[in-house]
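Presented below is the structure to which this report refers.
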Amino acid sequence: MWINISELKEWHLSIEKVVGGFEWLGFSKKSPEKMLCISSEKSTIFDCLSGFAEECGVNLYEERFIAVCDKLPGEEIVLSGQYGGRILHNTPKGEKVQIETSPDFITTVTFITSKKKRNIIYSNYGYYTCGFSFDGQYFVFAQDAGLTILKRK
């Protein structure tokens, strides 16, 4: 997958993973380093801090864009993905992503640092979703080819 992070000095690559049949993802509020990924093949919890991933059981409520996961008990995970929903597009530190679209798909993602420096990190055929964890320490970008997860240095 192509995502240009060379200019993002405060971030580095945490996980890059091929996900067959990607559908949904969402970050935990209680454990912000944990990210749920749902594909047509399986459901997985990623630990964005360690890079560890493990399969999990999920109850999916697509109409509400939420899921309940056995590895994150007592929490509803807000979802975003191929069919809608949205995760955070800004952090408590002031970073944000700007999305540009054509009529049918998203084409460009610009990462804006807290110092207002703009970096185009993706410009190509549409992707599914991108955004930040609730604590702003992780950023995920998902497209057909898989996931790219960045971690703040």
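The figures here come from the full heavy-atom set of this structure, side chains too, leaving out hydrogens, waters and symmetry mates.
A salt bridge does not link Glu10 with Lys93: every distance from a Lys NZ or Arg NE/NH1/NH2 to an Asp or Glu carboxylate oxygen is 4.0 Å or more. Ion pairing between Glu54 and Lys34 fails under the 4.0 Å rule for side-chain N and carboxylate O. Here Lys29 does not pair with Glu76 in a salt bridge; the nearest charged N to carboxylate O distance is not below 4.0 Å.
Phe139 is not listed as a side-chain neighbour of Leu88, based on a closest heavy-atom distance of 4.5 Å or more. Looking at Lys42 and Glu55, their side chains come closer than 4.5 Å, going by heavy atoms from C-beta outward. Side-chain contact between Cys48 and Tyr138: present, with at least one pair of heavy atoms (C-beta onward) separated by less than 4.5 Å. Using a 4.5 Å heavy-atom threshold, the side chains of Ile99 and Cys130 count as touching. The side-chain heavy atoms of Glu33 and Gln137, taken from C-beta on, include no pair separated by under 4.5 Å. Looking at heavy atoms from C-beta onward, Val140 lies in side-chain contact with Ile87 at the 4.5 angstrom threshold. Contact of the Ile120 side chain with the Val109 side chain is not registered, since no non-hydrogen atoms from C-beta on lie closer than 4.5 Å. Between Leu8 and Ile121 there is a side-chain heavy-atom pair separated by less than 4.5 Å.
The other members of the hydrophobic cluster of Val68, by chain and number, are Tyr61, Ile66 (side-chain heavy atoms under 4.5 Å, ILVMFWY only). Under a 4.5 Å side-chain heavy-atom cut-off, the cluster of Ile, Leu, Val, Met, Phe, Trp and Tyr residues that includes Tyr83 is completed by Trp24, Leu36, Ile38, Ile45, Val58, Leu60, Phe65, Leu72, Ile77, Leu79.
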Working note: Ile149 + Met35, criterion side-chain contact (heavy atoms from CB on, under 4.5 Å); need CA distance, chi angles, decisive distance, verdict.
CA-CA 10 Å; Ile149 302 171; Met35 187 191 77; 3.6 Å; yes

One pair to check against side-chain contact (heavy atoms from CB on, under 4.5 Å): Thr113 and Asn119. What are the steps and the verdict?
CA-CA 8 Å; Thr113 68; Asn119 299 287; 3.9 Å; yes

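Distance OG1/Thr148 to NZ/Lys17: 12.5 Å, rounded to 0.5 Å. In this structure, CZ on Arg152 lies 8.5 Å from OG on Ser133, to the nearest 0.5 angstrom.
Lys151 is linked by a salt bridge (charged side-chain N to carboxylate O under 4.0 Å, His left out) to nothing, counting only residues two or more places apart in sequence or in another chain.
Enclosure of atom NZ in Lys115 is not indicated, since only 12 or fewer non-hydrogen atoms of other residues, nucleotides or ligands lie within 6.0 angstrom.
Aromatic rings from Tyr122 and Phe141 are positioned such that their centres are separated by under 6.0 Å.
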